There are 2 protein chains.
Amino acid sequence: MNAQPVRVLLVDDHPVVRRGLRAIIEELPGVAVVGEAGDGVAALAFLDAAADAVEAAADGTPPGRARPDVVLMDLQMGGGMHGVDATRAIAARPTPPAVLILTTYSTDADILAAVEAGATGYLLKDAPPEELAAAVRAAARGETVLAPTVAARLLGRVRAGRPALSPRESEILRLLAEGLANRQISRRLFISEATVKTHLVHIYDKLDVDSRTAAVAAGLAAGLIRPA
Amino acid sequence: MNAQPVRVLLVDDHPVVRRGLRAIIEELPGVAVVGEAGDGVAALAFLDAAADAVEAAADGTPPGRARPDVVLMDLQMGGGMHGVDATRAIAARPTPPAVLILTTYSTDADILAAVEAGATGYLLKDAPPEELAAAVRAAARGETVLAPTVAARLLGRVRAGRPALSPRESEILRLLAEGLANRQISRRLFISEATVKTHLVHIYDKLDVDSRTAAVAAGLAAGLIRPA
DNA sequence: GCCGCCATCAACCGTTCGGTGGATTCCGGG
DNA sequence: CCCGGAATCCACCGAACGGTTGATGGCGGC
């Protein structure tokens, strides 16, 4: 059963992090790193190449360039493709590997987006190596893995009974965070200023604040919007 | 001259990052990692212990627990002490090691604060290993090291002629980002509401915006305030 | 079918906010 | 010594904002 080791692909734009992950993972028995990628595009290219290689050599699979079972994926990658988009692209493939999100600071919006995109699990980078090891193995078995912190956040959100913002409200909150005035928002969304005000009232209500600036602060704190 | 290797202490709350840094640095000739710390408090404790050890054994310095020449310090560490504070505490010691800031995403405010706190250099985590190696060696020689990206940011800021906010204005901008109204800010700072408004006008002027929310957005974008 | 949620729009009113033009004190540089 | 910047304060005004009430239509669940 342990004849075939779990094959892992690392996707992270920080060389330092890739190096650390490789060091940690390679000392685990039954787990092997088969590749690294610095961004989403490179990750997809690697998967393409691996698929071709498997097709070409139907007999003994070569040690490198092997089709990975688990992809360790960073969100917030500097260059171009966001981790969520990369995850979605990978999950859309014929026989997708498990995608394990591994990120530093998690906004709630990111977690939801990643899960929606097809991620198998969600870990935080400050997790101890043992936790990481267990998560990789679980992901290889097809199980869903949520870091305790992440799970707590999700539960906390549900428990807090925070009524989630509607799609339109989220959109307006985002524009709010860009510093736009009501009229500018109305023009951007092709709706009347009155509608913007109505949405704002609902947003204030749900976030329990009473000004646009406080809504932005609360939205950032709750991870409803990205600072960047 | 190369008899004594450069001794490095790693300070980062992410085990993965520490592992990666250790792997990269330890394969450099003439550089050795003498310790790791998961937060600022642990880093200071390590320096204390190292100082004692040196005092106790005046002859052959033991390989481990040696007083580091360079501290690789992460900013934004989860638990308790911020990297800037840790840097300040280290720089205030009798014979301080060089502190090299190594962080992921750099806000201008962080850079300035770190330099003010006594940091020797500022690197980004997405820097390639070679750059990191060169920086550690330069820091050991007492030189100042700025990552090209960081240097560009600082130059860009100066070139843009952006008049830096006064201390008081920065303070108010921070409170603004928390969503406080003018009256709340005035009470928090024990000044009149009129004064707050005056400061706000100056802030809008300097940031080239015309509303409090836009000022927060601009301040976040320019790295004048921390999202957290 | 009805109820609730979402999204859209409107009118009203009081408050806050932004803009302007002053004023004072303190402090440090030329 | 005088000038400028920073920080403090005041008054006025118009515009933007927040709060309320009310109304319409679509869409999905009970």
Side-chain angles (χ1 to χ4, degrees), chain A residues 109 112 116 157-158 160-220 222 224-225, chain B residues 109 112-113 116 157-158 160-222 224-225:
Chain A
L112 294 178
E116 176 266 329
R157 144 111 59 157
V158 174
R162 173 120 33 86
L165 297 187
S166 75
R168 200 53 158 175
E169 287 160 0
S170 298
E171 204 171 355
I172 289 189
L173 180 59
R174 237 174 298 134
L175 296 177
L176 212 61
E178 291 179 23
L180 301 190
N182 290 347
R183 179 169 305 162
Q184 296 176 294
I185 296 176
S186 75
R187 284 176 183 160
R188 190 79 77 87
L189 299 181
F190 304 105
I191 58 180
S192 99
E193 209 176 325
T195 307
V196 175
K197 292 177 69 171
T198 305
H199 286 306
L200 283 181
V201 170
H202 294 154
I203 292 173
Y204 298 159
D205 225 38
K206 291 179 178 177
L207 296 185
D208 194 31
V209 296
D210 55 2
S211 81
R212 54 208 296 104
T213 318
V216 171
L220 286 171
L224 298 172
I225 41 182
Chain B
L112 294 178
E116 176 266 329
R157 146 107 64 151
V158 173
R162 174 118 34 85
L165 297 187
S166 76
R168 200 55 158 174
E169 286 161 0
S170 299
E171 205 170 355
I172 290 190
L173 180 59
R174 236 174 299 138
L175 295 177
L176 212 60
E178 290 179 23
L180 301 189
N182 290 348
R183 180 170 306 164
Q184 296 176 294
I185 296 177
S186 75
R187 283 176 184 159
R188 190 78 76 88
L189 299 181
F190 304 106
I191 58 180
S192 100
E193 208 177 325
T195 307
V196 175
K197 293 178 68 171
T198 305
H199 285 305
L200 283 181
V201 170
H202 294 153
I203 292 173
Y204 298 158
D205 225 38
K206 291 179 178 177
L207 296 185
D208 194 28
V209 296
D210 53 4
S211 83
R212 54 207 299 105
T213 318
V216 171
L220 287 171
L224 298 171
I225 42 182

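Keep in mind it's a predicted model, so treat the numbers as computed, not measured. Letters go in sequence order (proteins before strands), and every chain restarts at 1.
Residue B:N182 places no side-chain N or O under 4.0 Å from the OP1 or OP2 atom of C:dT16. The phosphate of C:dC17 has neither OP1 nor OP2 within less than 4.0 Å of any side-chain N or O from B:S211. Within the structure, every side-chain polar atom (N or O) of A:T195 is placed at least 4.0 Å from both OP1 and OP2 of C:dA7. Contact annotation: A:R212 does not reach the phosphate of D:dA16 (side-chain N/O to OP1 or OP2, under 4.0 Å). Remark: A:Y204 is not in phosphate contact with D:dG19, judged by side-chain N or O atoms under 4.0 Å from OP1 or OP2. The shortest distance between the side-chain N/O atoms of B:T198 and the OP1/OP2 oxygens of D:dT8 is not below 4.0 Å.
Atom CG in A:L200 sits about 21 Å away from atom P in C:dT15, given to the nearest Å. Taking atom CG on A:D205 and atom P on D:dC17, their separation rounds to 19 Å, with Å as the unit. In this entry the distance linking CG of B:D210 with C1' of C:dT20 reads 15 Å, nearest Å. Counting to the nearest Å, the C1' atom of D:dG26 and the CZ atom of A:R168 are 15 Å from each other. Here C:dG18 presents its C1' atom at 12 Å from CG of B:L176, a figure rounded to the nearest Å. Taking atom CD of residue A:E193 and atom C1' of nucleotide D:dG18, one finds them 13 Å apart after rounding to whole Å. In this structure, B:K197 atom NZ and D:dA7 atom C1' are separated by 17 Å, rounded to whole Å. Summarising the geometry, the separation between CD1 on A:I185 and P on C:dC9 is reported as 14 Å, rounded to the nearest angstrom.
Picking from C:dA7, D:dC17, D:dC10 the nucleotide with the shortest atom distance to the side chain of A:A181 gives D:dC17. Among the nucleotides C:dT8, D:dG19, D:dA7, the one closest to the side chain of A:V201 is D:dG19. Checking D:dA7, D:dC9, C:dC9 against the side-chain heavy atoms of B:I191 singles out D:dC9 as nearest.
Side-chain contact between B:I191 and B:R168: present, with at least one pair of heavy atoms (C-beta onward) separated by less than 4.5 Å. With a 4.5 Å cut-off on side-chain heavy atoms, B:V209 and B:Y204 count as touching.
B:H202 comes within contact range of no nucleotide atom at all, as no heavy-atom separation falls under 4.0 Å. If you check every strand for non-hydrogen atoms under 4.0 Å, B:S192 touches sugar and phosphate atoms only.
Where B:S166 and A:L180 each meet DNA chain D at their nearest nucleotide, the meeting point lying more 5' is that of B:S166.
Contact detail for A:A181 and A:R212: the closest heavy-atom pair is CA-NH2, 3.5 Å.
For the side-chain contact (heavy atoms from CB on, under 4.5 Å) test with B:L175, the passing option among B:I225, B:V196, B:L180 is B:L180; the others fail.
We find the NZ-CG distance between B:K206 and B:L224 to be 10.5 Å, quoted to the nearest 0.5 Å.
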